[in-house]
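In this chain, residues are counted from 1 in sequence order. Note: hydrogens, waters and symmetry copies are ignored here, and every other heavy atom, side chains too, is used.
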Amino acid sequence: MRLGTAGNTVGSALYILEQIKQYTVLFECYDDSDWTQWVAVKDDKQFFAESPEALLGLINIYELVGENWIEYSSYDREHIFQRNLEDFI
């Protein structure tokens with residue numbers, strides 16, 4: 001199975017956000033700018049991202065590591081850059 005973000009993953013992300021995770025999702029755009037963003041709101045929590053898939057990812061980060069998410073921002077990624085996809089498929 002292979003899955004990547006594309007036009008056909010937006011609906012799945014929105015469904016999960018609204019129906020399963022029970023967030024209210026909004027799309028913001030401004031007349032005087034090309035800047036847009038997706039927003040998910042639930043209780044006192046607000047998440048902002050450039051796509052529904054990224055929005056779902058942020059919410060998962062928060063749900064898995066909570067308020068301490070920033071502690072993992074310096075996670076060492078060098079070993080990931082050394083991997084080759086063909087070694088895992």
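Among all heavy-atom pairs drawn from Arg77 and Ser73, the shortest one is NH1-O, 3.3 Å. Shown here for His79 and Asp76, the closest heavy-atom pair between the two residues is CE1-O, 3.1 Å. Residues Pro52 and Leu17 share a closest heavy-atom pair of O-CD1, 3.9 Å.
Atoms CD1 and CG, on Ile59 and Leu64 in that order, are 12.0 Å from each other to the nearest 0.5 Å. Rounding to the nearest 0.5 angstrom, the gap separating the OG1 atom in Thr36 from the CD atom in Glu50 is 7.5 Å. Atom CG in Leu26 sits 9.5 Å away from atom CZ in Phe48 (nearest 0.5 Å). To the nearest 0.5 Å, atom CG of residue Leu56 and atom CZ of residue Phe47 are 11.0 Å apart. Between atom CZ of residue Phe88 and atom CZ of residue Arg83 there is a gap of 5.5 Å, rounded to the nearest 0.5 Å. The distance from the CG atom of Asp43 to the CD atom of Gln22 is 10.5 Å, given to the nearest 0.5 Å.
Ring to ring, Tyr30 and Trp35 are close: their centroids are under 6.0 angstrom apart.
Side-chain atoms of Glu53 and Thr9 include a donor-acceptor pair closer than 3.5 Å.
Shown here is Glu18, whose CD atom has more than 12 heavy atoms of other residues, nucleotides or ligands within 6.0 Å. The number of heavy atoms from other shown groups lying within 6.0 Å of CG (Asp34) does not exceed 12.
The hydrophobic cluster containing Ile20 also contains Leu58, counting ILVMFWY residues as joined when their side-chain heavy atoms lie under 4.5 angstrom apart, directly or transitively. Taking hydrophobic clusters as Ile, Leu, Val, Met, Phe, Trp and Tyr residues chained together by side-chain heavy-atom distances below 4.5 Å, Tyr75 does not share a cluster with Ile61.
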> Could you go step by step and tell me if Trp38 and Leu14 meet the side-chain contact (heavy atoms from CB on, under 4.5 Å) rule?
Replying inline: CA-CA 10 Å; Trp38 290 87; Leu14 292 171; 3.8 Å; yes
> Going through the distances and angles, do Glu67 and Tyr62 end up as a side-chain contact (heavy atoms from CB on, under 4.5 Å)?
Replying inline: CA-CA 7 Å; Glu67 298 285 336; Tyr62 179 79; 2.8 Å; yes
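Checking side-chain atoms of Lys42 against main-chain N and O of Lys21 turns up a donor-acceptor pair under 3.5 Å.
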